[in-house]
Amino acid sequence: MPRCGIHDISLATTHYVLDHATLARQQGVPVEKYHRGLGQEAMSIAADDEDVVTLAATAAAPVLRRHGTERLRTLILATETGIDQSKAAGLPLHPLLDLPPTTRVVELKQACYAATAALQFAVGLITRDPAQQVLVIASDIARYDLDTPAEATQGAGAAAILVSADPAVAELGPVTGVYSADVMDFWRPNHRATPIVDGKLSITAYLDAVRHAYADYRRRGGHDLAEFGAFCYHQPFTRMAHKAHRHLLESAGAPPEDHDIDAAVAATTRYNRVIGNSYTASLYLALAALLDQPDDLTGTPIALLSYGSGCVAEFFSATPVPGYREHLRTDANRDAVDARKPIGYDRYRTLHETPPPTGRYVPDAETAGPYRLAAVTNDIRTYEATENRRVATYSVNSGSRGE
Ligand code: CAA
């Protein structure tokens, strides 16, 4: 079996950021509830002309610029913020990113878990033909109803991961542990723009899933907890990683001290603490944050726990390979976070209350990102590449290119 794993990883987030101090003030909630209780300081907010396609394109473009598309055979876009109930959100990326027509494109959904399924499917494809590469993109915009406890756990982001044999960044371990159950903790029926969530149940369902997925991982010969150098958890809010790690250690009969938990997860929370929940991308933002910190993790197994409400969880591992630091995008990742523009509360609320684009819609020109949603006409979305100040316009419908 070839060594398979992450050959490149690139992040993107939105044009706007809303800080939790502003939100807390508006809601009359002590800001410490958000800063300490949830472990969140700010959240990414999509501009009117951003969606999961523009975020996905922004994350993926640097990966394709570096590696080309000669070996690319499959693109899997994982999202729970789909823009169409039939057509895959990866298809508009064809004209935006000059993808070869010989690329298989699908969209994958299972709440925040789907990108992990995509990674595992990619490993299967590459095991069959190690010459092929698979581009996995996790892209999501987390929006909850206004003035609810969940509002503080919004966010948005994308991670593009090139999966390959002989990976340059991290090798995925061959053992994985899986857990699925039918739980109504969080779901979004087709007619709704925001999810229905039972917040307390979602936390216990997550914790149960962590324990069960790790038990399955161990039964299949996976590492003991003591063998991992760090733990990346799905982070709907970053304190959830602390809760999950405490639960895992306690259930393994090793009650932890607070500093043990901090040592295991703190370095994974840097991006999510200021981006918020990015659903499918959240776990991979946690991994990128860990890899982007100064310690050399070459050869150190990192535990990854993916959780998607509903629910499916998977416990697996990634081990950074020699030289991985040369392939990271630390500066670009930090720039993506730092470049966001603070949004005023009124504009945030207006954007939130704007219905999803249907029929005919011309979004405000807002994003400074390299791609934007330019128009919706007859329910056809048109995207623009804004690099070099909007020199190219692409129609999703025809794939044609205008000037
Ligand atoms: N100072 C410091 N801490 C404070 C505080 C203050 N003044 N006030 C409250 N806190 C603490 C609380 O003690 C609590 O911490 P602990 O859980 O460690 O006790 C924390 O802040 C949150 O307070 P509440 O439990 O009172 O918060 P809430 O009930 O108002 O809402 C929530 C929290 C349920 C997570 C809500 O934000 C929510 O529904 N979020 C969406 C669902 C979600 O994120 N679930 C996570 C698991 S599901 C999943 O992972 C999938 C996914 O992505 C959605």
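No hydrogens, no waters, no symmetry mates; every other heavy atom, side chains included, goes into these values. Each ligand, and each atom within it, is numbered from 1 in the order the structure gives.
Across every non-hydrogen atom of Val321 and Pro167, the tightest pair is CG2-O, 3.5 Å.
In this structure, atom 32 (C) of ligand 1 has no protein heavy-atom contact shorter than 4.0 Å. For atom 13 (O) of ligand 1, the nearest protein heavy atom is 4.0 Å or more away. Atom 52 (C) of ligand 1 is approached by the protein to below 4.0 angstrom, counting heavy atoms only.
In terms of polar-atom proximity, Tyr307 is not counted as a contact of ligand 1, lacking any N or O under 3.5 Å from an N or O of the ligand. No N or O atom of Tyr144 sits closer than 3.5 Å to an N or O atom of ligand 1. Remark: ligand 1 and Asp185 share no N or O pair separated by less than 3.5 Å (distance only, no angle test). For ligand 1, the polar-atom distance check against Thr153 finds a nitrogen or oxygen pair separated by under 3.5 Å. Note: an N/O pair closer than 3.5 Å links Lys243 and ligand 1 by distance alone. Annotation: Phe237 places no N or O atom under 3.5 Å from an N or O atom of ligand 1; distance criterion only.
Under the side chain to side chain contact (heavy atoms under 4.5 Å, CB included) rule, Ile302 has a single partner from Thr319, Leu291, Thr268, which is Leu291. When each of Thr386, Asp49, Thr382 is checked for a side chain to side chain donor-acceptor pair (under 3.5 Å) with Arg372, only Asp49 meets the rule.
Scanning the protein for heavy atoms near atom 44 (O) of ligand 1, the closest one is Pro236 CB, 3.4 Å. Ranking the protein heavy atoms by distance from atom 22 (C) of ligand 1 puts Leu38 CD2, 4.0 Å first. Of all protein heavy atoms, the one lying nearest to atom 37 (O) of ligand 1 is Pro149 O, 3.0 Å. With respect to atom 2 (C) of ligand 1, the closest heavy atom belonging to the protein is Glu32 O, 3.4 Å. Atom 28 (P) of ligand 1 has as its closest protein heavy atom Lys33 NZ, 3.7 Å. For atom 25 (O) of ligand 1, the closest heavy atom belonging to the protein is Lys200 NZ, 2.6 Å. From the protein, the heavy atom lying nearest to atom 15 (O) of ligand 1 is Gly37 O, 4.1 Å.
No side-chain donor-acceptor contact under 3.5 Å links Tyr206 and Asp185. Looking only at atom types and distance, the side chain of Asp140 has a donor-acceptor partner in the side chain of Thr79 under 3.5 Å away. If you check the side chains of Tyr361 and Asp48, you find a donor sitting under 3.5 Å from an acceptor. Side-chain polar atoms of His352 and Gln154 form a donor-acceptor pair below 3.5 angstrom. Glu50 and Thr367 are linked by a side-chain donor-acceptor pair at a separation below 3.5 angstrom, with hydrogens and angles left out of the test. Side-chain contact annotation: Gln26 with Tyr348, donor-acceptor N/O pair under 3.5 Å absent. Inspection of the Thr269 and Thr238 side chains reveals no N or O donor paired with an N or O acceptor under 3.5 Å.
Residues Tyr214 and Phe315 place their aromatic rings such that the two centres sit under 6.0 Å apart.
Below 4.0 Å from some heavy atom of Phe186 lie the following atoms of ligand 1, by number and element: 54 (C). In the vicinity of Gly199, heavy-atom distances shorter than 4.0 Å reach the ligand 1 atoms 34 (C), 39 (O). The ligand atoms of ligand 1 that sit less than 4.0 angstrom from a heavy atom of Pro30 are 7 (N). Counting atoms of ligand 1 from 1 in the listed order, those under 4.0 Å from a heavy atom of Cys112 are 51 (C), 52 (C), 53 (O). Of all the atoms in ligand 1, the ones that sit under 4.0 Å from a non-hydrogen atom of Val197 are 42 (C). Residue Ser309 approaches ligand 1 through these ligand atoms, each under 4.0 Å from one of its heavy atoms: 48 (S), 49 (C), 51 (C).
With a 4.0 Å heavy-atom cut-off, ligand 1 is reached by no atom of Thr148.
By the neighbour-count criterion of 12 heavy atoms within 6.0 Å, atom CG of Asn378 is sparsely surrounded, having that number or fewer from other residues, nucleotides or ligands. Atom CZ of Arg192 sits in a crowded spot, with more than 12 heavy atoms from other residues, nucleotides or ligands closer than 6.0 Å. A 6.0 Å sphere centred on CZ of Arg66 holds more than 12 heavy atoms belonging to other residues, nucleotides or ligands.
For atom 38 (C) of ligand 1, the nearest non-hydrogen atom from the set Ala152, Ala150, Ser202 comes from Ala150.
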